[in-house]
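See structure below.
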Amino acid sequence: MTVARVTLPDGKALEVPLNSTCADVAARIGPRLAKDAVGCFWNGELCAMEQRITGDGQIRIITKGSPDAILLIRHSAAHLCAAAVLDLFPDAQLGFGPPTAEGFYYDFVVKEPFTPDDLGRIEAKMRELAAQGLPFERKEMDPAAAGKELRRLGYKLKAEYLEELKLKGDVISFYVNGDRFSDMCRGPHVASFGAIPAFKILSASGAYWRGDASGIAMQRIHGTAFPSEAELKKHLELVEEAKKRDHRKLGSELDLFSFHEEAPGFPFWHAGGVVLWRELENLVREELMARGYREVRTPLVLTDELWHRSGHFDHYRDNMYFVEKEERSFAVKPMNCPGACIVYRTAMRSYKELPLRLAEFGMVHRYELSGVLHGLFRVRGFVQDDAHVYCMPDQIEAEVIDCLDMLEKVYKVLGFGVPEIKLSTRPPDRMGSDEIWDKAEGALAGALRNWGKQYREAPQEGNFYGPKLDFDLTDSLGRKWQCGTIQLDFQMPERFDLEYVGSDSARHRPVMIHRAILGSLDRMIGVLVEHYAGKFPVWLAPTQALLLPVTDKTLPYARDVAARMREAGLRVDVDERNEKIGAKIRDGIGRKIPYLLVVGEREAAAGTLSVRPRDGEDRGALPAAEVIEDIRKRHASRALDL
RNA sequence: GCUGCCGUAGCUCAGCGGUAGAGCACCUCCUUGGUAAGGAGGAGGUCACGGGUUCAAGCCCCGUCGGCAGCUCCA
């Protein structure tokens with residue numbers, strides 16, 4: 001073989017001689033592209049244009065202005081960071097220093113962890129080196145010469161890694177910045193240290209050589225870099241805004257939930273948080289009713305035998321809680337599916353009953369390592385808006401489409417846009433025949449096509465028991481949250497020996513669809529807190545309106561209006577404190593309550609309310625009945641605006 | 001779980017070897033004031049817990065618990 005077949009992003013392919021470089025490929029495509037190319041992805045891996053092509057593969061070229069060019073800037077910033085660290089800490093050993101979605105990091109072995117002061121000095125040194133503008137120069141050598149070079153530089157860990165690279169037989173490249181810095185690196189990089197327009201060191205933390213906790217402890221320096229100061233600033237502001245919206249902070253400020261030593265990883269829900277909870281359940285329940293689901297409830301504690309049968313004991317034991325009583329062992333459920341299967345089995349099912357849709361707001365417990373707990377986003381006990389649909393194989397597509405509709409509707413009501421969809425297909429290690437996998441994957445892809453939405457395929461990322469769809473929401477800060485999921489399962493019906501009687505009066509195996517829309521209610525509330533920055537739409541707001549009597553002369557009127565509002569199904573409070581109106585307004589704003597209703601003697605006399613919407617100006621006095629009806633309507637319609 | 005940092009009044013934090021402080025919140029009193037903090041007084045802490053060093057320990061050391069950040073987006 002003397003040629004390699006190179007596939008371009010548009011699906012076209014061209015043949016180039018073996019050992020051509022990516023730059024040669026770019027030149028073949030066009031001179032303009034060759035000129036603007038700064039790097040490329042070869043088979044998904046970031047590569048320099050000098051990369052040699054040693055076999056067939058796919059290429060995607062990164063040009064100067066393209067969004068991916070930021071990877072070069074960040075990767076180069078990582079080198080600049082390492083250069084600064086070596087300058088200040090000559091004994092430091094270099095680990096890896098890649099670009100990431102948010103910025104870059106570089107790992108070092110140093111005697112003492114970096115202090116905030118060190119980070120400041122490192123950043124200052126980086127600016128100094130950047131000002132010198134040393135160019136990045138690529139040097140290629142064979143592995144033997146590379147080993148010698150690494151020994152000369154004293155890079156022990158890199159030398160260790162080189163041994164692995166040798167096995168692949170690639171040419172080894174170094175990127176050298178004058179006499180100040182040299183690093184073994186596949187590239188690509190920007191032209192020089194001076195060509196990193198904007199960067200910032202952010203933090204330091206612990207890490208391990210190659211992620212192995214039993215291995216060498218390292219210090220990781222995190223930073224970020226952007227093509228312009230303006231973009232860097234915007235990014236830092238976004239990070240700052242996210243910090244302000246942190247649901248852990250807002251959760252206690254707004255009295256929604258709390259965490260305590262007495263139950264690490266388990267939220268305590270306060271009355272305000274329970275309102276959110278109930279509203280979300282109501283929303284989902286309405287949809288369940290409309291779509292012919294039946295809601296069930298299954299036990300939290302089930303015997304070990306069940307979990308052996310379901311396979312959880314073999315695959316999920318480390319995440320499960322166990323209890324012993326009367327010499328029997330029980331497990332607290334980490335998932336709701338086995339319970340649903342038991343309910344399915346309580347009757348002989350006919351094909352006429354299918355699809356049988358069993359929904360459950362099921363509380364599950366999953367043991368998580370203490371270090372990964374994170375507010376409501378990662379807890380040890382939570383409630384899923386779970387459902388299990390039992391159907392015949394040819395009903396899969398219709399059922400999936402129904403789930404997609406429900407998902408879209410619920411997300412829209414919550415104020416999120418169209419989710420990103422990922423289709424994960426059969427993994428190498430799987431259960432079930434290829435025939436049924438073909439059918440299942442086809443059904444999911446078919447449902448998505450018929451539904452008319454874009455999706456991304458993730459080959460081999462499916463569960464061993466079936467393919468799945470995952471849904472990523474984007475919040476108001478542009479962050480992604482994986483919430484919904486639709487998973488096909490051929491294994492569970494098998495393990496629980498589930499059957500239905502078909503029209504042929506023979507017994508058949510149903511297919512099971514696991515699906516969740518919100519995923520974890522607890523986590524979804526955390527996402528909503530951050531999405532809305534605590535300023536919930538009326539229907540979700542724990543307190544929808546606050547009545548503010550100007551003096552206690554109008555307290556009786558305020559109480560009377562509050563009673564009428566409660567009768568209309570609204571959640572209201574009266575600020576009965578002996579405070580001036582300014583203080584009451586201020587505190588009401590702090591509580592992020594949608595409507596502040598001022599009632600003084602004028603209002604009491606006229607039967608009106610002075611409406612001050614959250615984030616707005618005084619709308620003046622309006623008839624109380626009108627105001628109540630307006631808020632009630634917004635509540636009932638789940639309006640997103642005030 | 002591992003590494004680093006942190007744990008003082010309900011909350012946010014100061015104090016860093018010599019017998020516990022502020023602001024906010026809370027309670028009482030005065031004030032009855034129209035759209036982002038009216039005034040005065042009061043109560044509230046075995047300084048996470050357990051050991052140790054010291055004449056003396058929130059303050060130093062060790063351990064435990066809890067919290068925060070990070071922990072294979074691989075040259």
Side-chain angles (χ1 to χ4, degrees), chain A residues 44-48 71 74-75 78-79 82 94-107 112-116 143 146 150 155 157-166 168 170-175 183-187 202-222 246 248-249 252-253 255 258-265 318 367-375 548-555 577-590 596-603 610-612 616-621:
Chain A
E45 274 189 25
L46 186 59
C47 286
L71 293 171
R74 290 178 174 166
H75 194 181
H79 276 229
L94 302 186
F96 293 146
T100 68
E102 296 275 296
F104 65 87
Y105 65 81
Y106 213 114
D107 291 340
E112 299 289 328
F114 295 112
T115 64
L150 288 174
Y155 296 175
L157 295 175
K158 297 256 178 182
E160 181 190 317
Y161 184 64
L162 175 66
E163 296 306 311
E164 265 176 58
L165 289 181
K166 275 184 188 170
K168 284 205 247 166
D170 288 351
V171 168
I172 304 298
S173 57
F174 281 72
Y175 278 80
D183 196 1
M184 180 172 85
C185 176
R186 66 187 300 161
L202 297 172
S203 63
S205 64
Y208 299 95
W209 174 238
R210 318 214 59 187
D212 176 6
S214 60
I216 302 166
M218 307 188 77
Q219 289 298 311
R220 175 168 297 181
I221 294 183
H222 297 263
D246 191 319
R248 292 166 299 185
K249 188 169 150 258
S252 55
E253 280 174 18
D255 197 19
S258 56
F259 284 92
H260 303 275
E261 284 194 26
E262 289 82 351
D318 290 347
Y367 177 74
E368 300 279 1
L369 293 178
S370 58
V372 305
L373 298 175
H374 185 90
L548 308 177
V550 175
T551 71
D552 55 17
K553 287 196 201 82
T554 52
L555 192 49
R577 295 173 310 158
N578 179 8
E579 287 292 349
K580 290 168 81 166
I581 191 67
K584 292 181 181 181
I585 294 270
R586 184 187 148 87
D587 292 343
I589 290 170
L596 300 181
L597 306 173
V598 176
V599 289
E601 298 195 62
R602 291 198 295 271
E603 288 83 358
S610 278
V611 180
R612 178 176 171 138
E617 290 299 304
D618 185 4
R619 282 182 188 164

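Protein chains get the first letters and strands the later ones, always in sequence-line order, with residue 1 at the start of each. Any value given below was found using the heavy atoms of this structure, including those in side chains, with hydrogens, waters and symmetry copies removed.
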Using the P atoms only, state how far B/rU46 lies from B/rC59, rounded to an integer number of Å.
->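 That atom pair is separated by 16 Å.
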How far, in whole Å, is B/rU72 from B/rC13 if one measures between their P atoms?
->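 Approximately 29 Å lies between the P atom of B/rC13 and that of B/rU72.
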Who does [N] pair with, Watson-Crick or G-U, both distances under 3.5 Å?
| N | result |
| --- | --- |
| B/rG34 | none |
| B/rG7 | B/rC65 |
| B/rA20 | none |
| B/rC26 | B/rG42 |
| B/rC74 | none |
| B/rC59 | none |

Can you check the [X] [atom1] to [N] [atom2] distance for me, whole Å?
| X | N | atom1 | atom2 | answer |
| --- | --- | --- | --- | --- |
| A/L555 | B/rU32 | CG | P | 16 Å |
| A/D552 | B/rG34 | CG | P | 13 Å |
| A/E579 | B/rU35 | CD | C1' | 15 Å |
| A/L369 | B/rG66 | CG | C1' | 16 Å |
| A/K580 | B/rU35 | NZ | P | 10 Å |

Distance-minimising heavy-atom pair for A/Y105 and A/T100 |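 Looking at all heavy atoms of both residues, the shortest contact is CD2-CG2, 3.6 Å.
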A/S252 vs A/N578, nearer the 5' end of RNA chain B by closest nucleotide =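 Here A/S252 is the residue nearer the 5' end.
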Pick the nucleotide of RNA chain B nearest each of A/E603 and A/M218; which residue has the one closer to the 5' end?
->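 That would be A/M218.
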List in chain and number order the residues that pass ring pair (Phe, Tyr, Trp, His ring centres under 6.0 Å) with A/Y106, two or more places apart in sequence or in another chain; answer none if no residue qualifies.
->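 Applying ring pair (Phe, Tyr, Trp, His ring centres under 6.0 Å) to A/Y106 gives A/F108.
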Hey, what's the ring geometry for A/F96 with A/W209, parallel, tilted or perpendicular (30° and 60° as the breaks)?
->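 Because their plane-to-plane angle lies in the 30° to 60° range, the rings of A/F96 and A/W209 count as tilted.
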Check against side-chain contact (heavy atoms from CB on, under 4.5 Å), A/I585 and A/R612 | CA-CA 9 Å; A/I585 294 270; A/R612 178 176 171 138; 4.0 Å; yes
With sugar-phosphate taken as primed atoms, P, OP1 and OP2 and all else as base, the protein-contact string of nucleotides 67-74 of chain B at under 4.0 Å (heavy atoms; B, S, -) is SSSBBSBB
Is the CD atom of A/E617 crowded by more than 12 outside heavy atoms at less than 6.0 Å?
->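 Open.
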Please produce a list of atom pairs where a protein N or O lies less than 3.5 Å from an N or O of nucleotides 46-51 of chain B.
none

